[in-house]
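When a residue number appears, it is its place in the shown sequence, counting from 1.
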Amino acid sequence: MSSFPSQGKLIAYVDGSYNPDLQKYAFGCVLLTPEGETVERKGSGSSEDCAAIRNVAGEMLGAMYAARFACVKGYRELEIRYDYEGIEKWVTGAWKAKKELTQKYAAYMRSRQQYVHLSFTKVRAHSGDTYNDRADMLAKAALTEPEGVPQV
């Protein structure tokens, strides 16, 4: 018996950005629901530990936001579309998460798998993919806005 809710597959495009002058990282996330809705979210932070890994911190934050969104909204499946390989490979174990932050990211994402089936698809950055480009624009915009992550 599955522990997954009954709703269908959610697709999330995630991207991260970093501003060295502000020492700030950010994420952009475009969520495509099975009901045909497009939901856009963005957020940012400046913790020293996260800023040390630059835009990767934002991309991880975007993937974690998408996983939380899927769980809270009751989606059965989440496909994360990303342009930085670590987003998938730390979760699947193809890459060893060596830093504390990447270990925490991988553990969080794995913990979500009891609620939502995760799959990953790599997309080429800056290749004209409408939703990936939009996630990139959202991440860049979040760098100049007040810090924080939106509620689901």
Pair Tyr65-Arg41, side-chain hydrogen bond (donor to acceptor under 3.5 Å, both in side chains): steps then yes or no: CA-CA 9 Å; Tyr65 181 87; Arg41 296 290 186 265; 3.3 Å; yes
Is there a side-chain contact between Asn55 and Tyr25 in this structure, where contact means two heavy atoms from C-beta onward sitting under 4.5 Å apart? no
If we ignore hydrogens and angles and just use 3.5 Å, is the side chain of Lys24 paired with the main-chain N or O of Leu143 as donor and acceptor? yes
Do you see a donor-acceptor pair shorter than 3.5 Å between the side chains of Glu79 and Thr121? yes
Which is it for Glu59 and Phe27 under the side chain to side chain contact (heavy atoms under 4.5 Å, CB included) test, yes or no, and what are the steps along the way? CA-CA 6 Å; Glu59 196 137 351; Phe27 79 89; over 6 Å; no
With sequence neighbours excluded, what pairs up with Arg134 under the side chain to side chain contact (heavy atoms under 4.5 Å, CB included) test? Val30, Glu40, Met137, Leu138
Could you tell me if the side chain of Met109 sits less than 4.5 Å from the side chain of Trp90, heavy atoms only? no
Where do Leu31 and Ala12 come nearest, in terms of heavy atoms and distance? CD2-CB, 3.6 Å
For Ile87, is there any backbone N or O sitting under 3.5 Å from a side-chain donor or acceptor partner on Tyr105? yes
What about Val91 and Ile11, same hydrophobic cluster or not, with Ile/Leu/Val/Met/Phe/Trp/Tyr joined at side-chain heavy-atom distances under 4.5 Å? no
Measuring from Leu22:CG to Thr144:OG1, what's the distance to the nearest 0.5 Å? 8.5 Å
Tell me whether Lys122 at atom NZ has more than 12 heavy atoms from other residues, nucleotides or ligands lying less than 6.0 Å away. yes
Closest non-hydrogen atom pair between Gly62 and Cys29, with its separation: O-SG, 4.2 Å
Val14 and Asn132 have their tightest heavy-atom pair at O-OD1, 4.1 Å
Does Lys73 qualify as a cation-pi partner of Phe69, given the criterion of NZ or CZ under 6.0 Å from the six-membered ring centre and within 45 degrees of its axis? yes
Tyr75 versus Thr33: any side-chain heavy-atom pair under 4.5 Å? yes
If you define the side chain from C-beta out and look only at heavy atoms, does anything of Asp129 sit under 4.5 Å from Tyr13? yes
Min side-chain heavy-atom separation Arg81-Tyr131 under 4.5 Å: no
Note, Ser17 side chain near Asp136 side chain (heavy atom, < 4.5 Å): no
Kindly confirm or rule out a cation-pi arrangement of Arg110 over Tyr108, judged by NZ or CZ under 6.0 Å from the six-membered ring centre and within 45° of its axis? no
Can you tell if the side chain of Leu10 reaches within under 4.5 Å of the side chain of Leu32, non-hydrogen atoms only? no
Give a yes-or-no answer on whether the side chains of Gln23 and Tyr18 include a donor-acceptor pair shorter than 3.5 Å. yes
Examine the side chains of Glu145 and Ser44 and answer whether a donor and an acceptor come within less than 3.5 Å of each other. no
Evaluate the side-chain proximity of Ile80 to Glu88: yes if any heavy-atom separation is below 4.5 Å, no if none is. no
Closest contact, heavy atoms only, Val149 versus Leu61: CG2-CD2, 3.9 Å
Stepwise side-chain hydrogen bond (donor to acceptor under 3.5 Å, both in side chains) check, Glu147 with Ser46: CA-CA 8 Å; Glu147 290 182 25; Ser46 62; 2.7 Å; yes
At what distance, to the nearest 0.5 angstrom, does CG of Leu78 lie from NZ of Lys9? 9.0 Å
How far does NZ of Lys104 sit from SG of Cys50, to the nearest 0.5 angstrom? 8.5 Å
For the residue pair Ala142 and Ala26, what are the closest heavy atoms and their distance? CB-CB, 3.7 Å
